[in-house]
Amino acid sequence: MSPHTYLSAASALLLHPPSSMRRCWQRGSACLTRLALEQGLRHYWDRVAPSVVDRPMRNQLLVLPTFAGAEAASTARTAWHGLSRAMHHHTYELAPTVAELRGWHQDVTALLPQLELAGPADPKASRPDAPAIQ
């Protein structure tokens, strides 16, 4: 599935949550939005720095400012951490609000085209003779 397909499904859950998902549509929407972000980052790393694709998300987010810029990296990091926190059920916490979900959804929707168009910030990073990130 493409990141945009995940975003469309998340948007549908935000707009018209089915009655069968009465208590879990918020977490479902957060999960789909996070999948869109992760898939978008995977496509970005495949194009820009293939050695980063298989790294844990925390490591990918740490190196993202070097490649995509500070603003895109901050948006990705904030959205990913917020969505990750929202996806996990804690008995003492409420589900994420619709406003939070819409904000993360809008952030990821705005970020994906930036990642699709962006090249590496460091021209050495895309060269075949550039050292791989370990």
To the nearest 0.5 Å, what is the distance between CG (D54) and CD (Q60)? 8.5 Å
Check whether V98 and L32 end up in the same hydrophobic cluster, where Ile, Leu, Val, Met, Phe, Trp and Tyr are linked by side-chain heavy atoms less than 4.5 Å apart. yes
Any idea which heavy atoms bring A79 and V108 closest together, and the distance? CB-CG2, 4.1 Å
Spacing of W104 atom CH2 and Q106 atom CD [to the nearest 0.5 Å]: 12.5 Å
Could you give me the CA-CA distance, side-chain angles and deciding distance for V52 and V63, then say whether side-chain contact (heavy atoms from CB on, under 4.5 Å) is met? CA-CA 9 Å; V52 180; V63 298; 4.1 Å; yes
Least distance between heavy atoms, L112 atom then A36 atom: CD2-O, 3.9 Å
Once you round to the nearest 0.5 Å, how far does CZ of R55 lie from CG of L41? 15.5 Å
Got a second to check how far L64's CG is from L115's CG, nearest 0.5 Å? 6.5 Å
From NE2 (H88) to SG (C31), nearest 0.5 Å: 9.5 Å
Check for me, please, whether L62 and Y44 land in the same ILVMFWY cluster - side-chain distances under 4.5 Å, paths through other members count. no
Would you check if the side chain of R77 reaches a backbone N or O of R58 as a donor-acceptor pair within less than 3.5 Å? no
Q26 side chain to T97 main-chain N or O, any donor-acceptor pair under 3.5 Å? no
I'd like a table of donor-acceptor pairs (distance under 3.5 Å, sequence neighbours excluded) in which one partner is a side-chain atom from residues 4-15, with atom names and distances.
residue: H4; atom: NE2; partner: E116; partner atom: OE2; Å: 2.9
residue: T5; atom: OG1; partner: S2; partner atom: OG; Å: 2.9
residue: S8; atom: OG; partner: H4; partner atom: O; Å: 3.0

Applying a strict under-4.5 Å side-chain criterion to I, L, V, M, F, W and Y, I'd like to know whether L35 and M87 cluster together. no
Cluster link V53 to W80, ILVMFWY, side chain under 4.5 Å: yes
Would you check if the side chain of T75 reaches a backbone N or O of E71 as a donor-acceptor pair within less than 3.5 Å? yes
Do any pairs count as a salt bridge (charged side-chain N to carboxylate O under 4.0 Å, His left out) and have a residue in residues 27-36, sequence neighbours left out, and if so which ones? R34-E38
Output for pair (W25 CH2, S29 OG), nearest 0.5 Å, gives 6.5 Å
